[in-house]
Number of protein chains: 2
Amino acid sequence: MITRNTRQKSAIRDAFEEAGRPLSTGEVLDLAQNKVGGLGIATVYRNVKSLVDEGWLATVELPGEPPRYEISGKDHHHHFQCESCGRVFELHGCLPGLEKLAASGFTVKRHELVLYGGCPECSVKRRAN
Amino acid sequence: MITRNTRQKSAIRDAFEEAGRPLSTGEVLDLAQNKVGGLGIATVYRNVKSLVDEGWLATVELPGEPPRYEISGKDHHHHFQCESCGRVFELHGCLPGLEKLAASGFTVKRHELVLYGGCPECSVKRRAN
DNA sequence: TCCCACACGAGAGTGAAGAATCACTATCAT
DNA sequence: ATGATAGTGATTCTTCACTCTCGTGTGGGA
């Protein structure tokens, strides 16, 4: 568990706060390297794990993708992945009645929903081509 | 692409038809070995890939899990994963209006939904403890 | 029935995510 | 300001899912 307030850990926290969306370890490395030049991937893994352990980050698992991480404590929500750039965004809200889809005998405790399509940035680009 | 009708390929197809739910490569190996004793994992991978290529199987991706496979050609549906035994089951139907969750500027093309909880078998076991 | 290309099984190899190691560096209580 | 020690960065190691290799066996056309 990392407890000191290092430049690296700050840069990693800043990356999440400025991105405002779930980030993969590779994205964290790219973004945080803008602030701390020689930042290594091992430090990203260490600090992300540490931030998850202390509850500041939550893990976001999407189908067929390595885990992403987002700032924790937010209301129940789901995610959107752009099929063009691969970036993941937050959605707000949810739909009631999802547990009705389960057949009798099944107990539903939680659910995950992911929408796929084009993000605003990629949709604009495609229209311009 | 495997074109011959071998005992191994039949056993693998049978496993999917008898299970009636998405199977991982490990589950396919277990189930098909009941019919063809010395079945090897490489043969499972070869045949599953072949069955996907010829359109008989479809790939099912769940968050944080290696891919599973199911018989293709079914109506739009989603999946349920038991948090106790890890097995995946089919759900029937869907909910309208999911694309409403996306903010303006996002184009929604498809979605994935996964419910988590207890399957009938595991729920009964737990109650019995 | 014969034959051989194709498929099989066992095990080694590969690639990627992430953890461990280690010499060096930076933080922070004193 | 100092120094104990936690953290860093480069690298190696581990793990796991999956693929390849190669010698053996078999499906199915002639």
Side-chain angles (χ1 to χ4, degrees), chain A residues 1-16 22-70 79 81 86-88, chain B residues 1-16 22-54 56-70 79 81 85-88:
Chain A
M1 178 80 80
I2 292 167
T3 55
R4 286 184 184 171
N5 199 18
T6 63
R7 293 184 306 129
Q8 288 85 348
K9 187 168 187 176
S10 295
I12 289 169
R13 267 193 301 244
D14 289 351
F16 281 102
L23 300 178
S24 65
T25 50
E27 288 173 323
V28 173
L29 182 63
D30 287 346
L31 293 171
Q33 275 182 341
N34 295 334
K35 307 201 171 175
V36 177
L39 184 67
I41 186 64
T43 299
V44 171
Y45 278 110
R46 263 193 298 258
N47 278 281
V48 165
K49 184 176 191 313
S50 166
L51 289 165
V52 170
D53 287 347
E54 63 192 60
W56 196 84
L57 282 180
T59 305
V60 176
E61 302 258 33
L62 298 191
E65 295 276 320
R68 285 171 171 74
Y69 304 89
E70 67 183 3
H79 298 95
Q81 183 169 31
R87 289 184 300 175
V88 175
Chain B
M1 177 80 82
I2 292 166
T3 55
R4 282 186 188 170
N5 200 17
T6 62
R7 293 184 304 130
Q8 289 84 349
K9 187 168 186 175
S10 295
I12 289 170
R13 267 192 301 244
D14 289 353
F16 281 103
L23 299 178
S24 65
T25 49
E27 288 173 322
V28 173
L29 182 63
D30 288 346
L31 293 171
Q33 274 182 341
N34 295 334
K35 307 201 171 175
V36 177
L39 183 66
I41 186 64
T43 299
V44 170
Y45 278 107
R46 265 192 297 254
N47 278 282
V48 164
K49 182 176 192 313
S50 167
L51 289 165
V52 169
D53 287 347
E54 64 192 60
W56 195 84
L57 281 180
T59 304
V60 176
E61 302 259 32
L62 297 192
E65 296 275 321
R68 285 169 170 75
Y69 304 90
E70 67 183 4
H79 298 95
Q81 183 168 31
C85 64
R87 290 185 299 176
V88 175

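Scope of the values below: all heavy atoms of this structure, side chains included, with no hydrogens, waters or symmetry mates. So that the names make sense, note that chain A is the first sequence line, chain B the second, and so on, each numbered from 1.
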Working for side chain to side chain contact (heavy atoms under 4.5 Å, CB included), residues A:R13 and A:N5 = CA-CA 11 Å; A:R13 267 193 301 244; A:N5 199 18; 2.9 Å; yes

Separation of atom [atom1] in [X] from atom [atom2] in [N], rounded to whole Å:
{"X": "B:M1", "N": "C:dC8", "atom1": "CE", "atom2": "P", "result": "14 Å"}
{"X": "B:E65", "N": "D:dA17", "atom1": "CD", "atom2": "C1'", "result": "13 Å"}
{"X": "A:I2", "N": "D:dG7", "atom1": "CD1", "atom2": "P", "result": "6 Å"}
{"X": "B:L51", "N": "C:dA7", "atom1": "CG", "atom2": "C1'", "result": "14 Å"}
{"X": "A:L39", "N": "C:dT25", "atom1": "CG", "atom2": "P", "result": "17 Å"}
{"X": "A:R46", "N": "C:dC22", "atom1": "CZ", "atom2": "P", "result": "14 Å"}
{"X": "A:L29", "N": "D:dT8", "atom1": "CG", "atom2": "P", "result": "13 Å"}
{"X": "B:N5", "N": "C:dC6", "atom1": "CG", "atom2": "P", "result": "16 Å"}

query = So do A:F16 and A:V28 actually touch side chain to side chain, heavy atoms under 4.5 Å?
reply = yes

note = Value for CG (A:L62) from CG (B:L62), rounded to nearest 0.5 Å, stands at 12.0 Å

key: Candidate nucleotides D:dT5, D:dC20, D:dT8, ranked by approach to the side chain of B:A42 - the nearest   = D:dC20

query = Taking the side chain of B:R4 as heavy atoms from C-beta outward, which of C:dA5, C:dG18, D:dA17 is closest to it?
reply = C:dA5

Distance below 4.0 Å between [X] side-chain N/O and [N] OP1 or OP2:
{"X": "B:T6", "N": "C:dC8", "result": "yes"}
{"X": "B:Q8", "N": "D:dT26", "result": "no"}
{"X": "B:Y45", "N": "D:dT19", "result": "no"}

message = Does B:S10 form a side-chain hydrogen bond (donor to acceptor under 3.5 Å, both in side chains) with B:R7? I'd like the steps, not just the answer.
response = CA-CA 5 Å; B:S10 295; B:R7 293 184 304 130; over 6 Å; no

query = Does B:E70 reach the main-chain N or O of B:A58 with its side chain, forming a donor-acceptor pair under 3.5 Å?
reply =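 It does not hold such a pair.
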
message = Using a heavy-atom cut-off of 4.0 Å across all strands, would you classify B:I41 as base, sugar-phosphate, or nothing?
response =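 Nothing, no heavy atom under 4.0 Å.
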
remark   = 5'-most contact on DNA chain D (nearest-nucleotide basis), B:T3 vs A:R7, goes to A:R7

